[in-house]
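Residues take their numbers from the sequence shown, with the count starting at 1.
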Amino acid sequence: MAAPQRTVIENCAIATVDAHDTEYASGHVVVAGSRIESLGAGRAPGDLENVGRRIDASGHLVTPGLVNTHHHFYQWITRGLATDHNLFDWLVALYPTWARIDEQMVYAAAQGSLAMMARGGVTTAMDHHYVFPEGAGDLSGAVIRAARETGVRFTLARGSMDRSEKDGGLPPDFAVETLDGALAATEATIDEHHDPSFDAMTQVAVAPCSPFSVSTELMRQGAELARRKGVRLHTHGSETVEEEKFCHELFGMGPTDYFESTGWLGEDVWMAHCVHMNDSDIDAFARTKTGVAHCPSSNARLAAGIARVPDLLAAGVPVGLGVDGTASNESGELHTELRNALLVNRLGPHRESALTARQALRLGTYGGAQVLGRARETGSLEPGKLADLVLWNLDTLAHSSIADPVSALVLGAAAPVTASFVGGRQIVENNRLLHVDEDAIARSTRAQARRLAEIAARS
């Protein structure tokens, strides 16, 4: 077989986010095909063969690509609504609109969500999609198609809801699936789309929505399905004080104990938010290696509270970052979460020692890969790993006087992305997406947002 073509990136600062937090003030990265071949200080060896491209990355910081661990893509077309609500009131306000989505809307919304993340340095994304109105079309397929076109690595967390208003839940009765229907559709999605290989571009997780929108039987059987199929599990957990009260009233126990009783703690599980956790809850997550998707901007937008991220990390809990749905985080990109994870957690009891800039970067890269079960393949810059990496331009007015490049990236304004690679394939150049038309996506999402609003108003 012909040797893979090499791409050489040099003269750049490098933050590898490996186990030793190795950094180079001026170094190089050699990509061979889809993988990182080598990296180190100084310029790349001059005798490398089959070099197709050399990039002079002076003034740049190279990091692993960002990994988003929690999102709801469909919400891109309902941004800016219910802006002064807490979680439960916000859900009640928006569920009737969300229940009118269809395949065309979901595809456009997924394009918008993915485009915003990818142009901001995300190379691995996920979507927790849990609203499946009857007759809406192939919503999972629409999301996966948008991810494939954008060029990002992707996990679809195939969600579900079967507890509606008549059963004491929040979604309207017409917005949920049956238990058997949800399980069958989830299994079919795994069979059709999940790729377990090292360099997979598409994977699927089992993801009932939340304790207050899902029956106990769907939680139990969902966990059994995931483990029978060898895929990961995802849901919302301990997001608000209202959720904790709901769990105590309905199940006679708090969220963490409820999750454990239904088989939902384990190293193959990650949960979004985990804001309201006591020491016992954190110990349970640490003992079982259950992961957490920390969503600081959404938690602030919905007044949910401040997650105990320093305590989770100190206990050994895997933690990544999530945008969450853009109906509760209108910016929809992950750099904001790097910055807010650091700043918001410093408002908590640990104050200035809560998180460092490098810990925030780790949350957004290796931590996210760990939470998604892909830390062997991505999340750090190491020989043999997939070439998922980003060149951040720090030679700008916004960053040029900050000597430390990692602090410039995390604490400074959002840095321009000169280049972003997924498996060695470039998907962003000079802050523009290479494989999809951003302007066309903007027009499409605007049209679908108006269409959904009109349908919801008539209903």
Worksheet item: Hey, mind stepping through Val292 and Trp270 against side chain to side chain contact (heavy atoms under 4.5 Å, CB included) and telling me if it holds?
Response: CA-CA 5 Å; Val292 171; Trp270 85 103; over 6 Å; no

Fill in: Ion pair Lys385/Glu382, N-O distance below 4.0 Å
yes

Discussion item. For a quick check under 3.5 Å, do Gln111 and Thr150 share a side-chain donor-acceptor pair by atom type?
Written reply: no

Item to complete: Please check if the side chain of Arg79 supplies one atom and the backbone of Thr326 the other of a donor-acceptor pair under 3.5 Å.
Response: no

Discussion item. A side-chain contact here means heavy atoms from C-beta on lying under 4.5 Å apart; do Ile144 and Phe154 qualify?
Written reply: yes

Discussion item. Pairing donors with acceptors under 3.5 angstrom, does anything connect the side chains of Gln75 and Asn329?
Written reply: no

Fill in: Side-chain donor or acceptor of Thr262 paired with backbone N/O of Phe259 under 3.5 Å
yes

Practice prompt. Might you work through the side chain to side chain contact (heavy atoms under 4.5 Å, CB included) test for Ser238 and Glu244, ending with a clear yes or no?
Written response: CA-CA 6 Å; Ser238 302; Glu244 185 169 7; over 6 Å; no

Discussion item. Less than 3.5 Å apart, any donor N or O on the side chain of Thr189 or Thr186 sitting next to an acceptor on the other?
Written reply: no

Fill in: Exam field: side chain Ser113 to backbone Ala110, donor-acceptor pair closer than 3.5 Å
no

Discussion item. Any heavy-atom pair between the side chains of Gln221 and Leu225 that's under 4.5 Å?
Written reply: no

Worksheet item: Taking atom CG of Asp257 and atom SG of Cys247, what is their separation to the nearest 0.5 Å?
Response: 10.0 Å

Practice prompt. Output the distance between atom CE (Met105) and atom OG1 (Thr445), rounded to the nearest 0.5 Å.
Written response: 13.0 Å

Worksheet item: Quick one: OG on Ser353 to CZ on Arg346, what's the gap to the nearest 0.5 Å?
Response: 8.5 Å

Scan the side chains in residues 129-140 for donor-acceptor partners under 3.5 Å anywhere in the protein, sequence neighbours excluded, and list what turns up.
from: His129; atom 1: NE2; to: Val131; atom 2: O; distance (Å): 2.7
from: Tyr130; atom 1: OH; to: Tyr74; atom 2: OH; distance (Å): 2.8
from: Asp138; atom 1: OD1; to: Gly141; atom 2: N; distance (Å): 2.9

Worksheet item: How long is the gap from CG on Leu372 to CD on Gln203, to the nearest 0.5 Å?
Response: 8.5 Å

Worksheet item: How would you list all residue pairs meeting side-chain hydrogen bond (donor to acceptor under 3.5 Å, both in side chains) that involve residues 306-317, not counting sequence neighbours?
Response: Asp279-Arg308, Arg308-Asp311, Asp311-His350

Fill in: Residue pair Pro208 / Met161, side-chain heavy-atom distance below 4.5 Å
no

Worksheet item: Between Arg158 and Glu177, does a salt bridge (Lys or Arg N to Asp or Glu O under 4.0 Å) hold up when you go through it step by step?
Response: CA-CA 13 Å; Arg158 203 291 180 182; Glu177 299 175 279; 2.9 Å; yes

Worksheet item: Are any side-chain N or O atoms of Arg351 and backbone N or O atoms of Asn345, one a donor and one an acceptor, separated by less than 3.5 Å?
Response: no

Worksheet, complete the sentence: So CG of Leu342 and CD of Glu352: to nearest 0.5 Å the spacing works out to 11.5 Å

Discussion item. Main chain of Glu337, side chain of Asn340: is a donor-acceptor contact present, judged purely on distance under 3.5 Å?
Written reply: no

Worksheet entry | Derivation and outcome, salt bridge (Lys or Arg N to Asp or Glu O under 4.0 Å), residues Arg425 and Asp388 | CA-CA 9 Å; Arg425 177 180 184 240; Asp388 297 356; over 6 Å; no

Worksheet item: Can you find a side-chain donor-acceptor pair between His70 and His234 that sits under 3.5 Å?
Response: yes

Worksheet item: Is a side-chain N or O of Arg163 found less than 3.5 angstrom from the main chain of Phe212, in a donor-acceptor match?
Response: no

Side-chain donor/acceptor pairs under 3.5 Å, residues 117-128, sequence neighbours excluded:
from: Arg119; atom 1: NE; to: Glu438; atom 2: OE1; distance (Å): 3.2
from: Asp127; atom 1: OD1; to: Phe73; atom 2: N; distance (Å): 2.7
from: His128; atom 1: NE2; to: Ala207; atom 2: O; distance (Å): 2.9

Discussion item. I need the minimum non-hydrogen distance between Val17 and Ser380, along with the two atoms involved.
Written reply: O-CB, 3.3 Å

Fill in: Close side-chain approach of Val275 to Thr240, heavy-atom, < 4.5 Å
no

Discussion item. What verdict does the side chain to side chain contact (heavy atoms under 4.5 Å, CB included) test give for Leu313 and Leu355, after you've listed the backbone C-alpha separation in whole Å, the side-chain angles of each residue and the deciding distance to 0.1 Å?
Written reply: CA-CA 10 Å; Leu313 294 175; Leu355 289 178; 3.7 Å; yes

Worksheet entry | Pairwise distance OG(Ser215) to CG(Asp167) - rounded to 0.5 angstrom | 8.5 Å

Worksheet item: Which atoms form the tightest heavy-atom contact between Arg362 and Asp18, and what is the distance?
Response: NH2-O, 2.5 Å

Worksheet item: Between Asp268 and Arg227, is the closest basic N to carboxylate O distance under 4.0 Å?
Response: yes

Discussion item. Under the rule for ring-ring contact (aromatic ring centres under 6.0 Å, His included), what residues qualify as partners of Phe198, not counting sequence neighbours?
Written reply: none

Worksheet item: Can any side-chain N or O of His276 pair as donor or acceptor with the backbone N or O of Ala304 at less than 3.5 Å?
Response: yes

Worksheet item: Would you find a donor on one side and an acceptor on the other, under 3.5 Å apart, between the side chain of Thr378 and the backbone of Arg374?
Response: no

Worksheet entry | Test: Glu377 and Arg153 ion pair at under 4.0 Å | no

Worksheet item: Can you list the residues that meet the ring-ring contact (aromatic ring centres under 6.0 Å, His included) rule with Phe246, with sequence neighbours excluded?
Response: none

Worksheet item: What are the two closest non-hydrogen atoms of Leu302 and Ser328, and how far apart are they?
Response: CD1-CB, 3.8 Å

Worksheet entry | Pair Asp195-Thr202, side-chain donor/acceptor within less than 3.5 Å | no

Response to the item:
Taking every heavy atom of His236 against every heavy atom of Ser210, the minimum-distance pair comes out as CB-CB, 4.1 Å

Worksheet item: Between Thr69 and Gly320, what is the shortest heavy-atom contact and its length?
Response: OG1-C, 3.9 Å

Discussion item. Does Arg100 qualify as a cation-pi partner of Trp98, given the criterion of NZ or CZ under 6.0 Å from the six-membered ring centre and within 45 degrees of its axis?
Written reply: no

Practice prompt. For the pair Arg287 and Glu260, find out whether any cationic side-chain nitrogen is under 4.0 Å from an anionic carboxylate oxygen.
Written response: yes

Worksheet item: Would one find more than 12 heavy atoms of other residues, nucleotides or ligands at under 6.0 Å from atom CD of Glu267?
Response: no

Worksheet item: Are the side chain of His71 and the backbone N or O of Val323 linked by a donor-acceptor pair below 3.5 Å?
Response: no

Worksheet item: How about Glu165 and Tyr95: does a side-chain donor come under 3.5 Å of a side-chain acceptor?
Response: no

Listing, residues 84-91 side-chain donor-acceptor contacts under 3.5 Å, not counting sequence neighbours, or none:
from: Asn86; atom 1: OD1; to: Phe88; atom 2: N; distance (Å): 3.3
from: Asn86; atom 1: OD1; to: Asp89; atom 2: N; distance (Å): 3.0
from: Trp90; atom 1: NE1; to: Ala327; atom 2: O; distance (Å): 3.2

Item to complete: Would you name the heavy atoms of Thr16 and Asp21 that are closest together and state the gap between them?
Response: OG1-C, 4.3 Å

Worksheet item: How about Leu433 and Ile427: do any of their side-chain heavy atoms sit closer than 4.5 Å?
Response: no

Worksheet item: Is a side-chain donor-acceptor pair under 3.5 Å present for Trp392 with Thr63?
Response: yes

Discussion item. Quick check against the 3.5 Å criterion: does Thr290 have a side-chain atom that pairs as donor or acceptor with the backbone of Gly266?
Written reply: yes

Worksheet entry | Audit row: Leu61, Ile14, side chain to side chain contact (heavy atoms under 4.5 Å, CB included) steps and yes/no | CA-CA 6 Å; Leu61 171 67; Ile14 301 172; 5.7 Å; no

